[in-house]
J.: 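Take a look at this one; I'll ask things after.
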Amino acid sequence: MNVFRLVADLMHLASILILLLKIRKTRSAAGISFKSQLLYLIVFVTRYLDLFTHWVSLYNTAMKVFFIASSGYIVYQMQRRYRATWDPALDTFRIEFLLGGAAVMSLIFHTKFTFLELFWTYSIWLEAVAILPQLFQMSRTGEAETITAHYLFALGAYRGLYVVNWIYRYATEGYWEWIPFLAGMVQTVLYADFFYVYFSRVMRGKKFELP
Amino acid sequence: AAEPVGHDEL
C-alpha cells in the first residue's frame with residue numbers, strides 16, 4: 001500500500017458515497033447513466049470473482065464487498081424506486097460494443113488463460129470504457145448537477161491515481177502489470193475533457209456546462 | 001516483471 005493507492009481507493013469510496021447522497025438528497029437519479037452504472041456492476045462482479053478464493057487483507061475484502069454491494073444497490077434502486085426520475089431516452093449509448101470490445105480485448109490481451117484471470121482482465125478493459133455512456137449522456141444534455149460532477153471527478157481521479165500508483169510500484173517494488181496500466185491510461189484520457197471543465201468551472205463555483 | 005500471483009489491488 002502506498003499513498004497514491006490509498007487516496008485512489010478513498011476517492012473511489014467517496015465517489016460512490018457522493019452518488020448515493022445525490023440520489024437520496026434529490027430523490028432522483030436524473031443525470032446518471034443507468035448503462036454506466038450497469039457496466040460498473042458487471043466490472044466489480046467479474047473482477048472480484050476471487051473474493052472467496054484469494055485472501056489479501058480485511059481492507060481488500062471489505063472494499064470488494066462494498067463495491068459489489070453498492071453498485072448492485074444503485075442498479076437495483078434505479079430500476080425500482082427511482083425508475084421514473086431518469087430518462088432512458090437520454091441514455092442511448094450502445095453498450096453492446098463496450099461489452100463485446102472488452103471481451104475481444106481480454107481474449108487477445110491477458111496474462112493467463114484461466115477462468116478467473118480472463119474475467120479479471122475483462123473487468124479491467126470494461127472499466128476503462130464504462131464511463132462512456134455517462135459522458136455521452138452529458139455531452140447530449142450539455143450539463144450536469146454539481147454533485148454529479150463531484151461524483152464523476154472522484155471516480156475519474158481514482159483510476160488516474162492508480163496510474164501513478166503503478167508507476168510508483170514499478171519504481172519501488174519492480175511490480176508491473178501492463179494491462180491495468182494501459183486500461184487506466186485509456187480511462188484517464190477519456191476523462192480529459194471532463195477534468196478540464198471540472199477544474200475550469202466547477203472548482204470555481206460554477207455549474208458544469210459544456211461549451 | 002512480477003508474475004501475477006493474484007491481484008492485490010482494487
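Below, read A as the first sequence line, B as the second, and so on, with proteins coming before strands; counting in each chain starts at 1.
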J.: Closer than 4.0 angstrom, basic N to acidic O: yes or no for A/Arg169 and B/Glu9?
T.: yes
J.: Could you please spell out the steps behind the side chain to side chain contact (heavy atoms under 4.5 Å, CB included) verdict for B/Leu10 and A/Phe44?
T.: CA-CA 9 Å; B/Leu10 299 158; A/Phe44 296 132; over 6 Å; no
J.: Determine whether more than 12 heavy atoms belonging to other residues, nucleotides or ligands lie under 6.0 Å from atom CZ of A/Phe195.
T.: yes
J.: Can you tell me if CZ on A/Arg83 sees more than 12 non-hydrogen neighbours from other groups inside 6.0 Å?
T.: yes
J.: Is it the case that more than 12 heavy atoms not belonging to A/Asn2 sit under 6.0 Å from its CG atom?
T.: yes
J.: Flag yes if more than 12 heavy atoms outside A/Phe199 fall under 6.0 Å of its CZ atom; otherwise flag no.
T.: yes
J.: With a 4.5 angstrom heavy-atom cut-off, which part of A/Asp9 approaches chain B: side chain, backbone, both or neither?
T.: side chain
J.: Need one label for A/Trp55: side chain, backbone, both or neither, based on atoms under 4.5 Å from any heavy atom in chain B.
T.: neither
J.: What distance do A/Tyr175 atom OH and B/Asp8 atom CG have between them, rounded to the nearest 0.5 Å?
T.: 5.0 Å
J.: So for A/Trp120, is it side chain, backbone, both, or neither that comes closer than 4.5 Å to the heavy atoms of chain B?
T.: side chain
J.: Does a sphere of radius 6.0 Å around CE in A/Met185 hold more than 12 heavy atoms from other residues, nucleotides or ligands, not counting ones at 6.0 Å or beyond?
T.: no
J.: With a cut-off of 6.0 Å (strictly less than), are more than 12 heavy atoms of other residues, nucleotides or ligands near OH of A/Tyr196?
T.: no
J.: May I ask you to name which of A/Glu173, A/Met1, A/Arg5, A/His12 has the most heavy-atom pairs under 4.5 Å with chain B?
T.: A/Arg5
J.: Nearest 0.5 Å please: distance from the NE2 atom of B/His7 over to the CD atom of A/Glu177.
T.: 5.5 Å
